[in-house]
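Only a predicted model underlies this, so the values are computations on that prediction, with no experimental measurement involved.
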Amino acid sequence: IKIVSTLLALVVNRIFESLKEILLSNKLFSASMLRGIIASEANIHLTKEGRLSEITIGAKGRDRRGFIRILLKHLGIIPDRDKEIRGMECVLVTGLSNFKIFKAWNLCKLHPEKLKDFSEGITRFKKVEFRKGEGKFLTLKILAEKGPKRAIEIAKILNLSLIHI
């Protein structure tokens, strides 16, 4: 939003600052804010095969991207590093586990085209895929909770074929 009036800019920025605390007080508020941001500023990227590869949420400035990251984390979504290349500044979200949380909170529902791309893209995953390091973490968690396991048992728990371990 471009605000030409100094007084209006002061009022809008003050309202936004006081809203930050309210938005983080309840996950439903965070999800609602993210739905609006995603409807206006996000892009759903699909692979050539039509599988969901990443979601980018455009935001100028580290502070704004930082706040979007906080909202995402509040819902349990772990964003990747920000993209800052060739004039593009955005928060990057990848990984099937993050996409499942996006789906659970219905974060793409306000924009029909984005919802269509997201819904079709998420169904194209043929196997479970983890973000970098997530598979190792889950394997260690299983071993800590359930004791020693063979690779085939861990694969079954994680719903993976043995090839992926």
Handout entry: Distance, nearest 0.5 Å, that separates SG of C108 from CG of L115
Key = 6.5 Å
Problem - Atom pair CG (L8) and OG1 (T6), whose distance is rounded to the nearest 0.5 Å - result: 9.5 Å
Practice task
Applying side-chain contact (heavy atoms from CB on, under 4.5 Å), run through L52 and T47 and close with a yes or a no.
Solution key: CA-CA 6 Å; L52 186 58; T47 63; over 6 Å; no
Handout entry: With sequence neighbours excluded, residues passing side-chain hydrogen bond (donor to acceptor under 3.5 Å, both in side chains) with E145
Key = none
Practice task
Could you list the residues that satisfy side chain to side chain contact (heavy atoms under 4.5 Å, CB included) with F29, not counting sequence neighbours?
Solution key: I22, L23, S25, N26
Fill in the blank from the handout: Note: F16 and M33 closest approach over all heavy atoms is CE1-CE, 3.8 Å
Practice task
Measure the shortest side-chain to side-chain distance between L110 and I38 over non-hydrogen atoms and say whether it is less than 4.5 angstrom.
Solution key: no
Problem - Sub-4.5 Å side-chain heavy-atom contact between L107 and I77 - result: yes
Exercise for the section: Verify, without hydrogens or angle tests, whether K114 (side chain) and A39 (backbone) share a donor-acceptor contact under 3.5 angstrom. Expected result: yes
Handout entry: Salt bridge flag under 4.0 Å for residues E120 and R51
Key = no
Problem - Salt-bridge present (K116, E113; N to O < 4.0 Å) - result: no
Practice task
Kindly indicate whether the side chain of R35, heavy atoms from C-beta on, has any atom under 4.5 Å from the side chain of K109.
Solution key: yes
Exercise for the section: Give, for atom NZ of K103 and atom CG of N98, the distance between the pair rounded to the nearest 0.5 Å. Expected result: 15.0 Å
Exercise for the section: Take E89 and R65 through the side-chain contact (heavy atoms from CB on, under 4.5 Å) test and state the conclusion after the steps. Expected result: CA-CA 8 Å; E89 296 181 46; R65 288 193 309 275; 2.6 Å; yes
Problem - Where at least one partner belongs to residues 67-79, residue pairs that pass salt bridge (Lys or Arg N to Asp or Glu O under 4.0 Å), sequence neighbours excluded - result: R69-D82
Handout entry: Salt-bridge criterion met for E49 and R124 (N-O under 4.0 Å)
Key = no
Handout entry: side chain to side chain contact (heavy atoms under 4.5 Å, CB included) partner of L72, the single match among I101, I37, V93
Key = V93
Completion exercise
When every non-hydrogen atom of L75 is compared with those of S30, the smallest separation belongs to CD2-CB, 4.2 Å
Exercise for the section: State, to 0.1 Å, how close T94 and E54 come at their nearest heavy-atom pair, and which atoms those are. Expected result: CG2-CB, 3.7 Å
Completion exercise
For K100 and I122 the tightest heavy-atom approach is N-CD1, 4.1 Å
Practice task
Output the distance between atom NZ (K20) and atom CG (L71), rounded to the nearest 0.5 Å.
Solution key: 9.5 Å
Handout entry: NZ (K146) with more than 12 external heavy atoms under 6.0 Å
Key = no
Problem - side chain to side chain donor-acceptor pair (under 3.5 Å) assessment of H45 paired with S53 - result: CA-CA 6 Å; H45 301 275; S53 67; 5.9 Å; no
Practice task
Indicate yes or no: at least one non-hydrogen side-chain atom of R81 is less than 4.5 angstrom from one of L92.
Solution key: no
Handout entry: Side chains of L34 and F102 in contact at under 4.5 Å (non-hydrogen atoms)
Key = no
Handout entry: Pairwise side-chain contact, T56 with V91, heavy-atom cut-off 4.5 Å (strictly under)
Key = no
Practice task
Please round to the nearest 0.5 Å and tell me the distance separating atom CD1 of I57 and atom CZ of R64.
Solution key: 14.5 Å
Handout entry: Residues N106, F118; criterion side-chain contact (heavy atoms from CB on, under 4.5 Å); working and verdict
Key = CA-CA 10 Å; N106 211 1; F118 177 83; over 6 Å; no
